[in-house]
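Per chain, numbering begins at 1; letters A, B, ... match sequence-line order. Since this is a predicted model, take the numbers as computed values, not measurements.
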Protein chains: 2
Amino acid sequence: MGLRERKKEKTRLALMDAALDLFLEQGYDSTTVDQIAGAVDVSPRTFFRYFTSKDHLVYWYHDQNEETMLETLASRPPGEPPFASMTHTLRALLQDMRDATPTDTERFLKVRRLMDATPQLAAHWIGRSVETERRLVEAIATRRGVDPDPLSHLIVTFALAAMRVGFECRPADQGGVQEMVSRIEETLRLVERSLRPGWDA
Amino acid sequence: MGLRERKKEKTRLALMDAALDLFLEQGYDSTTVDQIAGAVDVSPRTFFRYFTSKDHLVYWYHDQNEETMLETLASRPPGEPPFASMTHTLRALLQDMRDATPTDTERFLKVRRLMDATPQLAAHWIGRSVETERRLVEAIATRRGVDPDPLSHLIVTFALAAMRVGFECRPADQGGVQEMVSRIEETLRLVERSLRPGWDA
DNA sequence: GCAATATATGTCAGACTCTGCCACATGACA
DNA sequence: TGTCATGTGGCAGAGTCTGACATATATTGC
């Protein structure tokens, strides 16, 4: 990894950290790109070279997770029932979250707190997952050997529902990542129990 | 209804129609508020007095549907199983769509075509439904006599899944509202069949 | 090391969305 | 008809985001 790339990564993280801190401190809307760039000693123009928009910064983790899920799903054995592939994919993602470095976990929690404080960001976050869902549906349909149909769509939607519900519910606001992961895991089991055996065949 | 209110309604519809036509003709991003306002002979400033933002115009139907659903849900008999209340609510909404006037149907189809052509709008649309979902969850939880919990959330999510899936799938792009409604209805039945009897108790 | 090249950054001008403010016109109501 | 309430236009300005060009900094091959 060359010096150039290392510098870039460093700048990206610096921008993220500065932005998240400013957002949490004084609110998302009240924070300008100029402020963020200023805090990292970079021109505002440069900010937009790292993040396509002010909110793209917040969705960075979502984009990462999307990639992870698609990769995991592709690696599942071909004969596996489709909904089982989805639940395994989700559980792999949860494991990644458990294994993340403290620094990274810290950032993720900041993002989550930010979304609690800024409904529009939470809404956009969910909206973004539509595209993710579309790709997963395509992958599932391919695994099932059919064109994308309502059932493929439902297989993905039902699985992601656990993710969304567990993510949005917040019985204990101050809980860490472990707690959130447990809640998602629990919801996932609830989904599995609610479905008729063999419904996805 | 006074002259003033009639004029306002007329202006709002004129803005919507002009905007939708321009969006479909030359793209959402390439259309400016100045153009829309110009087409209706009002000042750009006035546009923002009717719609809080450029995209608010597109989400107008969503806001309407949200209100309808909340009202329908409130009118369901208290003893009804919660998921059945949700499916009835959805079916009432579908009936409203079937009963709409041709002019209104036309507008709705334009909105739908626009979202096919503009993924960011579709994403935002879904994101907006998070707030709707939150309110429905609250209503369902109240009906069940509990605080909002994962099961209440799932009851709503599973029902809305049919809506989303039926709305997003587009086997025949040129199909009318009737066809879309049928697709949603069909997906709703698929959801009902996939769930274990009594799962929402 | 040194040139040649590629890439990242800064600066500037400008378009577009959206808001606050004030003056003006038009509908509502006594 | 006169007064009041409300909708509208125009303007100034903040904030987001983009394109173009020049400059500084890595990378690569010699």
Spacing of A:Asp34 atom CG relative to D:dC17 atom P, expressed in whole Å: 12 Å

Touch class at under 4.0 angstrom, heavy-atom based, for A:Thr31 against every strand present: sugar-phosphate

B:Lys110 and B:Asp17: CA distance, side-chain angles, deciding distance, salt bridge (charged side-chain N to carboxylate O under 4.0 Å, His left out) verdict: CA-CA 9 Å; B:Lys110 279 183 186 172; B:Asp17 287 334; 5.1 Å; no

Non-neighbouring partners of B:Arg49 that pass salt bridge (Lys or Arg N to Asp or Glu O under 4.0 Å), sequence neighbours left out: none

Gap between atoms CG and C1', on A:Asp41 and C:dG10 respectively (whole Å): 13 Å

Between D:dC17 (P) and A:Phe51 (CZ): distance, integer Å: 13 Å

Residues A:Arg164 and B:Glu133 bridged, charged N to O under 4.0 Å: yes

Short side-chain N/O contact from A:Lys7 to OP1 or OP2 of D:dT25, under 4.0 Å: no

Selection from D:dT16, C:dT17, C:dA6 that lies nearest to any side-chain heavy atom of A:Arg4: C:dA6

Side-chain ion pair, B:Arg135 and B:Glu138, N-O less than 4.0 Å: no

Euclidean distance, atom CD1 of residue B:Ile36 to atom P of C:dC18 [Å, nearest integer]: 10 Å

Quick test: give all pairs of protein nitrogen or oxygen and nucleotides 11-13 of chain C nitrogen or oxygen below 3.5 Å, distance rounded to 0.1 Å.
none

Between D:dT16 (P) and A:Phe47 (CZ): distance, integer Å: 9 Å

Carboxylate-amine/guanidinium proximity below 4.0 Å for B:Arg91 and B:Glu192: yes

Salt-bridge criterion met for A:Asp104 and A:Arg107 (N-O under 4.0 Å): yes

d(NZ, B:Lys10; P, C:dG27) in whole Å: 12 Å

Side chain of B:Lys8 (C-beta onward), nearest among D:dG7, C:dT19, D:dC17: D:dG7

Touch class at under 4.0 angstrom, heavy-atom based, for B:Tyr50 against every strand present: sugar-phosphate

5' priority, DNA chain C, between B:Leu3 and B:Val33 [closest heavy atom]: B:Val33

Those residues that, when tested against A:Phe47, pass ring pair (Phe, Tyr, Trp, His ring centres under 6.0 Å) (two or more places apart): A:Phe51

Rounded distance (Å) that lies between atom P of C:dT9 and atom CZ of A:Arg12: 13 Å

Nucleotide D:dC17, atom P - distance to NZ of A:Lys54 in whole Å: 8 Å

